[in-house]
Each structure stands twice: as C-alpha cells, then as structure tokens.
Engineer: 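First the structure, which I've put down as structure tokens, then a few questions once you've had a look.
Model, not experiment: these values are computed from the prediction.
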Amino acid sequence: MPNGPAVPPRPGTLPGEGIGALSALALRDALARGEVSAREATEYFLGRIEALNPELGSFITVTADTALAEARQADDALAAGRPPGILHGMPLAHKDLTDVAGVPTTMGSAAVPPVPAGADGPLPAVLRAAGAISLGKTQVPEFGLSSYSENLVAPPARNPLDPALSPGGSSGGSAAAVAAGMLPFAPGTDGGGSVRIPAAATGLVGLKPNRGRVPSGGGQRDLGQFVVAGPLARTAADAALLLDAMVAEPNHHATSAPPAAGSFLQAALRAEGRFRIGVSTRSPFESRLDIALDPAAVLALEAGIVALTGAGHEVSEADVHYDERYPEAFELVWTAPLANIPLPPEGEQHLTPLTAGMRRRSLQRSAADLAGAIDVLRGFEEETISQFSAWDMILTPTVAMTPRPVGWYWSGDAAEDYALQCQYSPFTSMVNVCGLPAVTIPVYVTAEGLSMGVQLIGQPGAEADLLAVAAQLGP
C-alpha cells in the first residue's frame with residue numbers, strides 16, 4: 001500500500017462481498033426495505049465475530065442467542081407492516097461500561113461481581129427503541145480509566161491494522177470490532193478522548209458530541225461532566241446515522257439544540273460549508289510533560305491541512321495558549337470517582353495496578369482540593385472557548401504517535417502510565433472539559449499500513465458542521 005494521504009484499509013470490508021461490502025447506511029436501507037433480513041445481518045456479523053474475535057479481543061461477551069431472537073422479532077414486525085425504526089435490524093454492541101438488560105456489566109474489572117443488569121442503561125434503551133440489535137459487550141479498560149483497552153477480565157483488545165498494537169481506549173473493543181468488520185458501526189463513550197483516540201488508531205470516523213447532546217448514563221458520577229456518548233463508524237454518513245438514533249428520544253437534560261436544518265445524516269450527505277479553520281499543535285499538558293509529535297502525526301496534520309484547503313476551507317495558524325494548572329486539575333477530577341467505586345470486601349486486591357494506584361491518590365485528596373480543581377477547569381473552559389471563537393473550527397492532531405504496542409503503557413508506576421497516556425493523546429481531554437463537539441477523521445496511512453487522523457473541534461452545538469467537513473474529506 002502506498003503511504004500518503006489516504007483512507008486506511010477496512011479489514012472487515014475489503015475485498016468485501018454481500019453484507020460485508022455495505023456501508024452502515026446502505027445496510028440500514030436494505031433492512032428497512034426487506035432486501036436483507038435482520039436475521040441474515042445478525043448471522044453475518046456473529047460469524048465475523050466468531051472468526052475474528054479470538055485474535056482481536058474486541059468482545060468480552062457475545063449474546064448470540066438473544067440477538068438472533070431479537071432479529072426474528074424484528075423480521076416478524078416488518079412482515080406485519082409495522083414501520084421500521086431508524087435502526088431497524090442493525091447489529092451493534094455496547095462497551096462493557098454500559099448496562100444491557102440480562103447481561104453482566106464488568107466495568108472491565110475483576111473486582112466487580114459479574115451480575116446481570118436488571119435493565120438497559122439510557123443509551124442501550126434509546127438504541128433498542130430505534131430498532132438496533134445488540135450482539136454483546138466490548139472490551140474496555142478498567143472503569144474506562146485509560147486510553148488503552150487492557151484489563152484483568154479478558155484478553156486485551158487488539159488493532160485490526162496490526163494485532164501487536166492497541167486500538168486505544170476506552171472504546172477500543174468497539175473500534176476494533178467496527179474496523180475489522182465485526183460490526184457495521186458502534187456507539188462509544190468519550191470522557192477524555194475515548195471515542196476519538198480508538199477511532200484514530202483504527203482508521204475510523206469518531207465523533208464526540210457536544211456536552212448534553214446524548215444520554216450517556218454518567219450522572220453525578222461524572223463529576224467534571226466530561227462524558228458523552230458518540231458514534232464510531234467507517235464514514236461520516238454512517239456516524240451521522242448512528243448519532244441521529246442516539247438523540248432520537250427526548251433528552252430532557254440536553255444542553256445543545258438539534259441541527260439547524262434537518263438531521264445529522266442530512267448534513268453529512270449534503271457535505272456543505274466552507275469554514276475558517278485554525279491549526280494548533282499546542283497542548284494543555286505541555287506545561288508539565290514533553291509533548292512531541294512523531295513523524296507520522298506531523299505528516300497526518302499536513303495531509304489534513306492539504307485536504308481541507310483543497311476542499312475550499314480557509315486554514316490558518318491558531319495562536320492559542322492554555323492555563324498551566326490544567327494537568328493537575330484534570331487528573332484530580334478525572335480520577336476522583338475512583339474514590340467512590342463500590343467494591344466488595346477484599347475487592348481492591350483484584351484491581352489493576354493502575355486503578356489501585358490512582359484510587360489511593362484520589363482517596364488522599366480533600367473536598368477542597370476537588371472544588372479547587374473543578375474551579376480551574378471551569379475557568380479553562382471559558383478561556384478556551386473564547387480563544388477558539390476566532391475560528392469556526394480548530395484543527396489539531398488527534399494523537400501524537402502511531403498506535404502503541406499492547407502492554408506499552410504499564411511500567412509498574414501509575415504516574416508514569418498516566419503520563420504516557422497524556423503524551424500519546426495530548427489534544428483530546430481539553431475538548432471534554434470545554435464540552436465542545438469534535439470529530440477525528442482518517443487522513444493518512446503510514447508505510448506500515450497504520451492509520452493516522454486529525455481532530456476538528458467545533459463551536460458549541462456544531463456537530464452537523466463537523467460531520468459535513470468529515471464527509472468532504474472521507475470516502
């Protein structure tokens with residue numbers, strides 16, 4: 001494969017025939033028309049999982065019997081003349097941080113008893129109502145803490161582009177499943193880059209919506225209000241379709257308005273708009289860590305600039321700066337919920353060393369420390385949004401390095417592990433702190449066949465614009 005600005009291969013669809021050759025949007029339309037049955041689609045993807053999951057570790061749990069039963073019900077409903085939902089018969093899967101009725105939620109932790117959930121969480125409930133069929137639960141880091149999907153529950157998730165490498169995290173299992181063609185698309189959750197990081201590592205489009213756009217089930221446990229659910233998909237249109245389904249049910253806590261003209265899918269299909277885009281490689285972690293772009297990240301950013309300029313956008317350098325207190329404040333708020341995780345007696349001995357170390361640090365901090373950190377981050381949010389407002393979008397690398405080897409992060413020290421994560425993905429967490437929407441788009445393939453992406457950060461509520469630009473650059 002030649003290296004250069006190109007979309008990376010999709011192992012699940014190349015060469016691709018039949019269902020495997022269809023985009024998620026095309027499959028949705030074929031299901032709605034009855035040209036493909038829900039059972040056929042479910043059986044196809046279950047077959048892909050059976051063939052590929054032993055090597056890639058994408059799934060912790062596969063719910064084949066339940067999925068096939070739901071597929072039969074979907075086919076019967078369509079045959080009876082009931083109007084299909086927006087995702088009628090579409091297979092997908094949920095991260096194992098999310099409750100799905102009747103399926104254990106491990107949270108990626110050996111310390112959590114594997115008790116089946118009594119009901120769907122908010123996101124699975126919305127997608128089930130839209131007609132989607134869950135095929136199981138995907139691999140995550142323990143409690144979603146890290147940007148790599150390795151834990152003590154199951155084998156690590158691996159990157160389909162090179163199984164020696166990580167697909168990232170915390171939506172790493174889901175991203176690997178989509179990239180390998182085990183799923184047409186998948187929902188993820190993003191609290192510090194957890195959709196965008198694995199999308200960049202596996203060659204997908206990954207969208208982090210605006211704060212409050214999608215029900216994520218975080219509630220008060222998400223002290224910084226960082227987490228929002230978003231789509232992982234092969235194309236911008238596929239991501240937009242899934243986002244439409246995610247927001248289909250009224251979300252009374254939403255803080256962002258719907259797109260101005262129609263659905264997110266319509267915005268992606270129109271692919272309209274020319275925007276002022278500021279480019280920055282500054283990171284809020286640079287005040288404490290050596291943040292350096294490896295050559296592939298530089299080439300990806302250059303490829304992104306060329307592609308955006310070629311599409312008619314005005315691209316210029318963005319002179320931005322960040323509060324030097326950000327690194328400590330973010331780490332404190334990010335890890336604070338670990339102090340309150342409900343562990344059974346002697347459960348702590350079953351935690352990963354990273355989680356155990358971070359939890360001990362969080363237990364040593366006071367309420368005043370937490371309040372001060374939140375205050376720093378709220379000031380960071382206001383100042384950063386103000387700076388970004390000079391442009392329609394901000395362009396950054398998504399990650400600073402090519403995908404890391406499985407096992408690369410852990411050296412025996414929690415602080416070093418965390419620092420390596422920040423150096424790998426130094427541009428993503430600030431978007432969660434600010435509550436802004438952002439999308440990662442694959443724009444470059446290395447000589448080794450690895451994917452590198454760029455991140456576009458939008459104005460508040462501008463997911464439709466981001467999807468339009470992603471569609472302009474994508475397949």
Side-chain angles (χ1 to χ4, degrees), residues 12 42 45-68 70 91-121 123-124 127-128 132-160 163 165-183 185-191 194-195 197-198 201-202 216-217 229 232 341 343-344 347 350-352 354-355 406-407 410:
T42 300
F45 287 105
L46 287 173
R48 294 288 295 178
I49 294 168
E50 183 177 7
L52 299 176
N53 195 61
E55 180 183 18
L56 297 177
S58 297
F59 282 80
I60 290 179
T61 304
V62 179
T63 54
D65 291 343
T66 302
L68 290 168
E70 292 179 2
L92 47 71
H94 295 282
K95 293 170 66 172
D96 206 19
L97 303 176
T98 305
D99 283 347
V100 174
V103 185
T105 304
T106 72
M107 305 295 290
S109 177
V112 174
V115 178
D120 285 339
L123 182 61
L127 295 178
R128 188 189 298 275
I133 296 171
S134 176
L135 305 190
K137 306 291 284 294
T138 57
Q139 177 65 299
V140 294
E142 189 168 46
F143 300 111
L145 184 63
S146 64
S147 58
Y148 57 97
S149 297
E150 303 167 30
N151 58 37
L152 302 179
V153 173
R158 296 180 178 273
N159 196 320
L165 305 179
S166 172
S170 63
S171 304
S174 296
V178 175
M182 288 185 265
L183 295 171
F185 54 22
T189 54
D190 191 316
S194 292
V195 163
I197 294 167
T202 59
S216 65
L232 289 153
I341 55 176
L343 291 179
H350 300 295
L351 296 174
T352 63
L354 174 64
T355 304
V406 171
W410 183 249

Engineer: How close do His94 and Ser134 get, counting heavy atoms only, and between which atoms?
Structural biologist: CD2-OG, 3.7 Å
Engineer: Are any of the side-chain heavy atoms of Leu135 and Leu183 separated by less than 4.5 Å?
Structural biologist: yes
Engineer: Search all heavy atoms of Ser109 against all heavy atoms of Glu142 and return the closest pair with its distance.
Structural biologist: OG-OE2, 2.6 Å
Engineer: Using the rule given for side-chain contact (heavy atoms from CB on, under 4.5 Å), can you reason through Thr106 versus Val112, listing the C-alpha separation, both sets of side-chain angles and the distance that settles it, and then say yes or no?
Structural biologist: CA-CA 6 Å; Thr106 72; Val112 174; 5.6 Å; no
Engineer: Within this structure, what is the CZ-OG1 distance for the pair Phe143 and Thr355, rounded to the nearest 0.5 Å?
Structural biologist: 6.5 Å
Engineer: Looking at CZ of Arg128 and CG of Leu123, how far apart are the two atoms once the value is rounded to the nearest 0.5 Å?
Structural biologist: 11.5 Å
Engineer: Between Glu150 and Gly407 (side chain of the first, backbone of the second, donor and acceptor by atom type, cut-off under 3.5 Å), is there such a pair?
Structural biologist: yes
Engineer: What's the spacing between Ile197 CD1 and Ser147 OG if we round to 0.5 Å?
Structural biologist: 5.0 Å
Engineer: Hey, what do you get for OG1 (Thr63) to CD (Glu70), rounding to the nearest 0.5 Å?
Structural biologist: 7.5 Å
Engineer: For Val140 versus Ser170, what's the shortest heavy-atom pair and its separation?
Structural biologist: CG1-O, 3.4 Å
Engineer: What are the two closest heavy atoms between Pro167 and Ala157, and how far apart are they?
Structural biologist: CD-O, 3.1 Å
Engineer: Show the numbers, then the answer: is there a side-chain contact (heavy atoms from CB on, under 4.5 Å) between Tyr148 and Leu354?
Structural biologist: CA-CA 12 Å; Tyr148 57 97; Leu354 174 64; 3.6 Å; yes
Engineer: Calculate, to the nearest 0.5 Å, the distance between atoms OG1 and CD1 belonging to Thr66 and Ile133 respectively.
Structural biologist: 11.0 Å
Engineer: For the CD atom of Gln139 and the CD1 atom of Ile60, what is their distance to the nearest 0.5 Å?
Structural biologist: 4.0 Å
Engineer: Would Asp190 and Ser171 count as a side-chain contact (heavy atoms from CB on, under 4.5 Å) here? Give the steps.
Structural biologist: CA-CA 8 Å; Asp190 191 316; Ser171 304; over 6 Å; no
Engineer: Check whether any side-chain heavy atom of His350 sits under 4.5 Å from a side-chain heavy atom of Leu152, and report yes or no.
Structural biologist: no
Engineer: Kindly indicate whether the side chain of Thr202, heavy atoms from C-beta on, has any atom under 4.5 Å from the side chain of Leu232.
Structural biologist: no
Engineer: Identify the heavy atoms of Thr189 and Ser194 that sit nearest to each other, and give their distance.
Structural biologist: O-CB, 3.0 Å
Engineer: Given the rule in the side-chain contact (heavy atoms from CB on, under 4.5 Å) test, do Asp96 and Thr105 qualify, once you have shown the distances and angles that lead to the verdict?
Structural biologist: CA-CA 6 Å; Asp96 206 19; Thr105 304; 4.3 Å; yes
Engineer: Quick check against the 3.5 Å criterion: does Lys137 have a side-chain atom that pairs as donor or acceptor with the backbone of Pro104?
Structural biologist: yes
Engineer: Evaluate the side-chain proximity of Leu46 to Leu68: yes if any heavy-atom separation is below 4.5 Å, no if none is.
Structural biologist: yes
Engineer: Can you see which heavy atom on Ser58 is nearest to which on Gly173, and at what distance?
Structural biologist: CB-O, 3.4 Å
Engineer: Do any N or O atoms from the side chain of Asn53 and from the backbone of Phe59 form a donor-acceptor pair under 3.5 angstrom?
Structural biologist: yes
